[in-house]
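Here is how names work: the chains are called A, B, and so on, in the same order as the sequence lines, proteins then strands, and each is numbered from 1.
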Number of protein chains: 2
Amino acid sequence: MSVTLNDVARAAGVSASTVSRVLSDSPRISAETKERVRKAIKELNYFPNSVARSLARNSTKTVGLILNTESQTLTRNPFFIQAMVGISIYAQANGYDVMFSCNKNEDEDLNTAMRFVSSRRVDGIILFTSRTDDKCIYYLKRQEFPFSVIGRPDDTDSVMWVDNDNFQATYQVTVYLITKGHSKISFIGGPPGHNVSKDRFDGYKRAMSVYGFSISDSIVFSNGDFSEEFGYECMRTMLSSPDFNINKPTAIVTSDDMQALGVIKVLNEKNIPDIVVTGFNNTPVGMYHSRMIASVDVNAKDLGYYAAKLLIDSIKGEKTGSHYIVPTELVKKA
Amino acid sequence: MSVTLNDVARAAGVSASTVSRVLSDSPRISAETKERVRKAIKELNYFPNSVARSLARNSTKTVGLILNTESQTLTRNPFFIQAMVGISIYAQANGYDVMFSCNKNEDEDLNTAMRFVSSRRVDGIILFTSRTDDKCIYYLKRQEFPFSVIGRPDDTDSVMWVDNDNFQATYQVTVYLITKGHSKISFIGGPPGHNVSKDRFDGYKRAMSVYGFSISDSIVFSNGDFSEEFGYECMRTMLSSPDFNINKPTAIVTSDDMQALGVIKVLNEKNIPDIVVTGFNNTPVGMYHSRMIASVDVNAKDLGYYAAKLLIDSIKGEKTGSHYIVPTELVKKA
DNA sequence: AATTACTGTGCAAGCGTTTGTACATTTGAT
DNA sequence: ATCAAATGTACAAACGCTTGCACAGTAATT
């Protein structure tokens, strides 16, 4: 059907192995032969069959991405698609393709990982997760299969990973609010069991403590998720608290722009003017609300890019490091 | 290194071909033999090597996705990732994997398509585009390579595609506004050269004409893009028009929630209260603004799902149709 | 009892590459 | 002139699977 190595070999009057070596630019082939073979390749419009190549080389030149649709955040938060773009860019520049799979829960994540590994469908895997006790990480480590993680894993030593410095991000946000004169600052965190949640919480607590401000439990919500619903719910809870007037915050540090929008919705509904909010991810819409005075841009594309770089470099045998910290940027409203 | 068909064959005391036939559940193998072979497969924890399988079958069981990062819409509009989820779901349910590639412009799109086709890396391609005169479509048609398109192509007959009824979507939105008492209605459209833009524009024009309202050119913007910047710009242009007071709209039909946000930004800045806006894509944030009174949900996940279905079914030889129209849903603000 | 028709399994040839090794041929040194 | 080394190419065996065909063995038909 389509043109193969042998067709080229015949056309150029050499053997298949010679053509193969021309393709890999082997020094053992003379300049004239290379010339002749390349001409034949052009003329016949030959492209190597990647499947046959993968079989012979025992490498698919493909990385697999395991995504999770359990929470709505995959489709609502631009974080993921941005990271995917970053991954694709590094992969493509290095001759790799990217495969993805959307899974409904952790067990399906694991199944996909096992399928990828067992059927040798990919050379490495990128995980979009940082659960504590992540089953996929555990499995991949046991299999000694190459992988990298977006999000800091439990064991930061034996795993390649990229992440923001989430501690420093909320620390910085909180300090920013403090320098703006706020002292009653509320915090809304992310899902429990994720390191990102812990770090962001810790950064907030640290800033408050460094500046000598106390934190009242009634305005801190450390176990939720990144949804706007959770933001909404937290704000309503705060309002309905009996000691709200005593503890009323003037600013709220949230862990996601969606959360922040949920908070803002309540504030608008209840006509409460004097509370400002900060978010994460610097989504285009977040900054449209005048209450949202800052958002942390996590540079998702870079996170993806470096996750791909760690993985692919390591597959290639060019160990370039075991993790990257991608700087966040505090985007303040003009 | 890892366990192969031959290992299983040896363990079960049969030949490799028998094991292969057991895997495909061939009727030519007796029940007892199947039993024995399956036991060996379990015991050895054997998984078929997908690359070898692809080579022998001449099919990769993979579909390729060509994405374009030229405009920011890929990362800003949840449309794409939602469609990708839909694709992944149908693919996975049918034993296919999905590969994606992010490209910077139309030529890169084409390069990727050519690479996918020539190297036999995928069995089919899904295009996220509906440019008029699309180079990829032209190429894939000439190659007679299986593909489907999300977005209506020029030639609706010889190409498999899925799309919303964009004409009816804006028609419905416009009629909705009319029934709410609006008659001066402005329109902001999408990028030129895309069928989606034309259809949405036509739907708007039709509704206006059916209800006997005239359209003044100064409040219609049919050549732009889906960005919030463009929405912002259009609204400013309208405001600075000398005859704004005559033509001042009371409602604006936009082609994207981002555009709508751009419009709203201007309206808020200029403190213009009496103009409402409609959008597209029903993004979570869009509906937070009280001016945004409706948005068209395009059901992106279904678009992806059916694009994958068309493609994969056709690859399998089960021709199920040549296109799908996925219904939109007009989401009105409570 | 001999022929025919199944049934279940194995053999071996692919699928299109890569790569270790062998084999000519040329070159340079003796 | 002879031999060793260097150079350029071809051969053939992988890689792990699928599948057409052949071939036993058994069952059914005359």
Visitor: Output the single nucleotide from D/dT9, C/dG10, C/dG16 whose closest atom is nearest the side chain of B/Ser15.
Guide: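 The closest nucleotide is C/dG10.
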Visitor: Distance-only criterion, 3.5 Å: show the donor-acceptor pairs between side-chain atoms of residues 301-308 of chain B and protein atoms not counting sequence neighbours.
Guide:
none

Visitor: Ignoring hydrogens and angles, tell me if any N or O in the side chain of B/Asn68 forms a donor-acceptor pair with the backbone of B/Glu70 under 3.5 Å.
Guide: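 Yes; at least one donor-acceptor contact below 3.5 Å.
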Visitor: Taking atom C1' of C/dG20 as reference, at what distance in whole Å does atom CG of A/Asn58 sit?
Guide: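 In whole Å, C/dG20 C1' and A/Asn58 CG are 17 Å from each other.
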Visitor: Let me have a per-nucleotide readout for nucleotides 17-23 of chain D, 5' to 3', with B, S or -, counting only protein heavy atoms under 4.0 Å.
Guide: BBBBBB-
Visitor: How long is the line joining CD of B/Glu32 and P of C/dT7, in whole Å?
Guide: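 Taking CD of B/Glu32 and P of C/dT7, I get 14 Å after rounding.
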Visitor: Starting at CG of B/Asp25 and ending at C1' of C/dG8, how long is that distance when rounded to a whole Å?
Guide: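 Distance, rounded to whole Å: 15 Å.
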Visitor: Can any side-chain N or O of A/Ser54 pair as donor or acceptor with the backbone N or O of A/Ser50 at less than 3.5 Å?
Guide: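 Yes, the answer is positive, given that a donor and an acceptor are paired below the 3.5 Å cut-off.
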Visitor: Figure out the CD1/P separation between A/Ile29 and C/dT18, and round it to whole Å.
Guide: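 So the two atoms are 12 Å apart, to the nearest Å.
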Visitor: So A/Phe128 and A/Phe79, would you call those rings parallel, tilted or perpendicular, with 30° and 60° as cut-offs?
Guide: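 Rings of A/Phe128 and A/Phe79: perpendicular, as their planes differ by over 60°.
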Visitor: Tell me, please, which residues at least two apart from B/Phe116 pass ring pair (Phe, Tyr, Trp, His ring centres under 6.0 Å).
Guide: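 Applying ring pair (Phe, Tyr, Trp, His ring centres under 6.0 Å) to B/Phe116 gives none.
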Visitor: In whole Å, what is the span from the CD atom of A/Glu35 to the C1' atom of D/dG8?
Guide: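 Between C1' of D/dG8 and CD of A/Glu35: 17 Å.
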Visitor: So, is A/Ser30 near the phosphate of D/dT9, with a side-chain N or O under 4.0 Å from OP1 or OP2?
Guide: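 Result: yes.
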Visitor: Classify the nucleic acid contact of A/Val51 as base, sugar-phosphate or nothing, counting any heavy atom under 4.0 Å across all strands shown.
Guide: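 The residue A/Val51 makes no contact with any strand.
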Visitor: Can you list everything that forms a ring pair (Phe, Tyr, Trp, His ring centres under 6.0 Å) with A/Phe100? Sequence neighbours excluded, please.
Guide: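 For A/Phe100 the ring pair (Phe, Tyr, Trp, His ring centres under 6.0 Å) partners, ignoring immediate neighbours, are B/Phe100.
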Visitor: Main chain of A/Val326, side chain of A/Asn164: is a donor-acceptor contact present, judged purely on distance under 3.5 Å?
Guide: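 Indeed, once roles are kept as given, a pair shorter than 3.5 Å links the two residues.
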Visitor: Before giving the answer on side-chain hydrogen bond (donor to acceptor under 3.5 Å, both in side chains), spell out for A/Ser17 and A/Ser20 the whole-Å C-alpha distance, their side-chain angles and the decisive distance to 0.1 Å.
Guide: CA-CA 5 Å; A/Ser17 53; A/Ser20 175; over 6 Å; no
Visitor: Going by salt bridge (Lys or Arg N to Asp or Glu O under 4.0 Å), name the pairs with one or both residues in residues 8-25 of chain A, residues two or more places apart or in two chains.
Guide: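 For residues 8-25 of chain A, and leaving out neighbouring residues, the salt bridge (Lys or Arg N to Asp or Glu O under 4.0 Å) pairs sorted by first residue read A/Asp7-A/Arg10, A/Asp25-A/Lys34, A/Asp25-A/Arg38.
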Visitor: Whenever both distances are under 3.5 Å in a Watson-Crick or G-U wobble pair, mark it; put DNA chain C into dot-bracket that way, with [ ] for crossing pairs and | when the partner is on another strand.
Guide: ||||||||||||||||||||||||||||||
